[in-house]
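So you know, we letter chains A, B, ... as the sequences are listed, proteins then strands, and number each from 1.
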Amino acid sequence: MADQSQLTPVASERPQDIRAVPVRRPGRWIAAFIVLACSASFVRFLIADSAMQWHVIGQYLFDSQVLNAVVRVFYLTVLSMLIGVILGVILAVMRLSPNPILKAASWLYIFFFRGTPLLVQIVFWYNISALFPAPHHLIDIGIPFGPALIHPNANVIITVFVAALAGLSFNEGAYMAEIVRAGIISVPEGQTEAAASLGMGRMQIMRRIVLPQAMRVILPPTGNELISMLKNTSLASVIGYAEIVYVTSDISAVNYKVIQLLIVGSIWYLALTSVAYVGQYFLERRVGQGFSRAQQITIKDRWLSLGRGRGGTLGR
Amino acid sequence: MTDVMVSAEGVHKRFGHNEVLKGITLTVNRGQVMCLLGPSGSGKSTFLRCINHLEKINSGRLSVDGELVGYREANGKLYELHERDVARKRQEIGMVFQSFNLFPHMTALQNVTLAPIQVLGRRRDETEQRARELLDRVGLSDKYNAHPVSLSGGQQQRVAIARALAMDPKLMLFDEPTSALDPELVGEVLDVMRDLARSGMTMVVVTHEIGFAREVADTVVFMDGGVVVEAGPPAEVLGAPKHERTRAFLAKVL
Ligand SMILES: Nc1ncnc2c1ncn2[C@@H]1O[C@H](COP(=O)(O)OP(=O)(O)OP(=O)(O)O)[C@@H](O)[C@H]1O
Ligand SMILES: [Mg+2]
C-alpha cells in the first residue's frame with residue numbers, strides 16, 4: 001500500500017486570472033489620510049521643537065550607568081521568569097494532583113501571591129529580616145521542628161537583588177501556575193491514556209507527553225508574562241535596586257531632564273521587549289510542530305502577503 | 001493445551017450508581033482472537049479498559065496471564081498494586097484506541113520508539129531499527145518522519161498498532177479501531193490486524209466489522225446492557241444466533 005503523497009502536476013494550461021475593476025473604497029482613503037496627518041503633526045512636534053532636546057537623550061542612552069541598569073533588568077527578568085516558570089509548573093501539577101493537601105497548598109499560594117500587590121511583596125521580602133530576632137537576624141534552616149543545620153544572617157542574604165528576585169519570581173509563580181494548569185488540562189485525556197497503556201509512569205507521561213503539548217497553550221500567555229515581568233522589574237526601584245527607572249530618575253534628579261531620561265528608559269524597555277518578541281516567535285514555531293497541516297508561515301511570507309491580500313483576512 | 005490469557009469471572013463495574021458491567025464472565029485463550037460485539041453503551045469499552053486497569057473493577061475477578069489485574073493476592077487478602085506495578089503490567093498489554101491517540105508532537109518513528117526507550121530502557125539505535133521494521137510491516141515505510149497530522153486516519157491507526165507492538169505485548173486490545181475511519185480506509189487497518197492474528201497474537205477486539213469477526217475471530221461475544229448475552233464460535237453467534245437480542249443487533253449492523 002504505497003501512499004501517493006506527491007501531487008502530480010495537473011494540466012499544463014492555466015486558465016486566465018480574472019481581471020475586474022476593484023470596488024472603490026473612499027472610506028479607506030479618508031481614514032488613512034486622517035491617521036497620516038495626525039502622525040505627521042506629532043512627529044513634527046517631536047523633531048522641530050527643540051524642547052525635546054534629542055541630544056540629551058542621545059547623550060544618556062549609552063551612559064554607562066544606564067547600560068549597567070539595562071543589564072541588571074535583563075538578568076533580573078530572565079532569572080525571575082525562570083524561577084517563576086519552574087514554580088508555576090510545580091504549583092500546577094500540585095493543583096491537579098489527587099492529594100488534597102497538595103491541592104490546597106497550591107491554591108493557598110496562588111490566592112496569596114495573586115491577591116496582594118507585587119509592590120507590597122517586594123517591600124515585604126526586602127524587610128523580611130525584621131521577622132528574625134535582632135541583632136543578628138539569624139534564619140534557622142534545617143529539619144522542620146527539628147535541629148537547625150545552618151543559621152545564615154537574613155540581612156546578609158536578603159540583598160536588594162534577592163528581595164527583588166524573590167518578590168518578582170514568587171509572584172510570577174502564582175500567575176504561571178494558572179497558565180500551566182490551563183495548558184495541562186488542554187491536552188486530551190486520550191493522550192494520557194495512550195501513554196499509560198504503553199506502561200509509562202505518571203512523571204514520564206507529564207514530562208514526555210503532556211507538557212510538550214501543553215506548551216502550545218502555555219507559550220503565548222507566557223510571552224505576555226515575560227513582557228509584564230520586564231516592566232515590573234521597575235518596581236524594584238522602590239527598594240533601591242539600581243535598575244533602569246532608579247538610575248534614570250537618579251540622573252534626572254540632578255539635571256532636571258525628567259522627560260528625556262524617561263524616554264531613555266522607555267527606549268531600553270522597548271529594545272528588551274523586542275528581544276522577547278523574537279524569542280517568543282521562534283519558540284512558538286518550535287512547539288507548534290505537528291499541530292498544523294499548513295506549512296509554517298515565516299515572517300517574510302506574512303509581510304509579502306500584506307501587499308497581496310485584497311479584502312483583508314480574518315483570524316491570525 | 002488451553003492456556004488462558006484473559007480470565008474474567010463475574011466482573012462488575014459501576015460509575016456512581018450506573019452499573020455498566022453486571023457480571024462479565026469469559027476467557028480468552030493464548031493465541032486466540034476474541035471479538036466483542038454489542039450496541040452502544042453496552043459496556044464493551046469499559047470491559048476492555050478494565051483489562052489493562054484503566055478502569056478499576058468493583059467486584060469479581062479479572063486476571064491476565066494468570067495474574068490479577070490491579071491487585072496482588074496473599075493469604076486470602078487482596079492488596080492494591082502500586083502505580084509502578086500497574087504500569088509494569090500495562091507494558092505487556094498493547095491497546096489501540098478508536099481515536100488513534102498518537103502523540104501529535106512526535107513523528108511516526110518517535111511515536112513507536114518512545115515507550116521502548118523510556119519505559120524498557122532499550123538502546124535507541126536498536127529500537128529505531130525495530131520501529132522501522134514495524135512501520136514497514138504495517139505498510140508505512142515512507143512515513144517514518146511524518147507527524148500524525150499529515151497522515152490519514154488509516155495511516156495513523158496503523159502507526160498506533162506499530163506503537164503498541166513495539167513493546168512486544170503478549171495481548172493486544174482494540175477498541176473499535178476502524179470506527180473513526182472513512183469506509184475506504186477500514187480495509188487497510190483490518191488487513192494489518194488480520195496479519196497480526198495470523199502471527200499468533202492474542203487479541204480482544206471490540207468491533208462492528210462483522211465480516212472481520214466472522215473471518216478472524218475464534219470466539220465472538222455479544223454483549224448488551226453490561227452482560228454477555230451470547231458467546232461462541234463465529235459460525236454459531238453470527239451464523240445462528242440463539243438470542244433474540246443478538247438477532248436484532250445483527251440485523252441492524254449487517
Ligand atoms: N468514565 C465514565 N464515567 C461515567 N460513566 C461512564 C464512564 N465511561 C463509560 N461510562 C458509561 O458506561 C456505559 C458504557 O460505556 P462504554 O463506553 O463501555 O460502552 P460501549 O459499549 O463501548 O459503547 P460504544 O459502542 O458507544 O463505544 C455508558 O452508559 C457510559 O455512559
Ligand atoms: Mg466504546
Side-chain angles (χ1 to χ4, degrees), chain A residues 1-8 89 93 96-99 102 180 183-220 282-297, chain B residues 48-49 51-55 83-84 86-107 110-112 114-120 138-143 146-152 154-155 158 160 163-164 166-167 169 173 175 185 187-188 191-192:
Chain A
M1 40 187 97
D3 300 281
Q4 212 66 40
S5 58
Q6 288 135 328
L7 289 172
T8 41
V89 172
V93 171
L96 293 169
S97 99
N99 186 333
L102 293 187
V180 173
I184 290 176
I185 58 185
S186 79
V187 178
E189 207 167 348
Q191 292 289 310
T192 310
E193 285 185 353
S197 79
L198 288 165
M200 293 173 75
R202 249 158 49 95
M203 282 318 226
Q204 278 177 323
I205 296 175
M206 192 46 87
R207 170 134 180 265
R208 305 275 168 189
I209 306 299
V210 176
L211 284 180
Q213 293 183 61
M215 284 313 269
R216 212 166 57 97
V217 171
I218 292 173
L219 263 184
F282 284 105
L283 269 178
E284 276 184 27
R285 248 169 59 118
R286 207 182 127 77
V287 299
Q289 247 177 38
F291 285 92
S292 163
R293 273 183 182 217
Q295 292 202 321
Q296 304 276 5
I297 299 168
Chain B
L48 212 59
R49 293 160 57 82
I51 296 178
N52 66 356
H53 209 50
L54 284 176
E55 304 287 357
E83 234 175 86
R84 212 174 25 234
V86 172
R88 191 170 305 137
K89 290 194 173 185
R90 286 190 185 130
Q91 293 166 18
E92 308 179 318
I93 305 174
M95 185 153 191
V96 175
F97 302 83
Q98 180 173 352
S99 47
F100 327 136
N101 294 346
L102 288 184
F103 307 131
H105 56 302
M106 299 178 185
T107 63
Q110 289 167 338
N111 263 278
V112 179
L114 177 74
I117 292 173
Q118 294 298 329
V119 177
L120 302 178
V138 298
L140 292 171
S141 42
D142 52 343
K143 296 293 182 190
H147 276 93
V149 264
S150 60
L151 299 174
S152 73
Q155 292 169 335
R158 286 183 276 146
R163 175 176 72 178
M167 295 293 285
L173 309 174
D175 192 359
L185 301 180
E188 64 192 44
D191 284 343
V192 168

Does atom CZ of B:R49 have more than 12 heavy-atom neighbours, drawn from other residues, nucleotides or ligands, at distances under 6.0 Å? yes
Smallest heavy-atom separation, A:L198 atom then B:A164 atom, equals CD2-CA, 4.3 Å
List in chain and number order the residues that pass side-chain contact (heavy atoms from CB on, under 4.5 Å) with B:Q118, two or more places apart in sequence or in another chain; answer none if no residue qualifies. A:Q204, A:R208, B:L114
Heavy-atom pair count under 4.5 Å with chain A, highest-scoring of B:L120, B:L173, B:L102, B:V96: B:L102
Going by the rule side-chain contact (heavy atoms from CB on, under 4.5 Å), which residues pair with A:A195 if we only count those two or more places apart in sequence or in a different chain? A:M200, A:I205, A:I209, B:F103
Which of these, B:H53, B:Q91, B:M95, sits in a side chain to side chain contact (heavy atoms under 4.5 Å, CB included) with A:S197? B:M95
Structural part of B:L54 lying under 4.5 Å from a heavy atom of chain A: side chain
For the residue pair B:P104 and A:Q191, establish whether any side-chain heavy-atom pair is separated by less than 4.5 Å. yes
Under 4.5 Å between any side-chain heavy atoms of A:R216 and B:H105, yes or no? no
Atom CD of A:E193 and atom CZ of B:R90: how far apart are they, to the nearest 0.5 Å? 9.0 Å
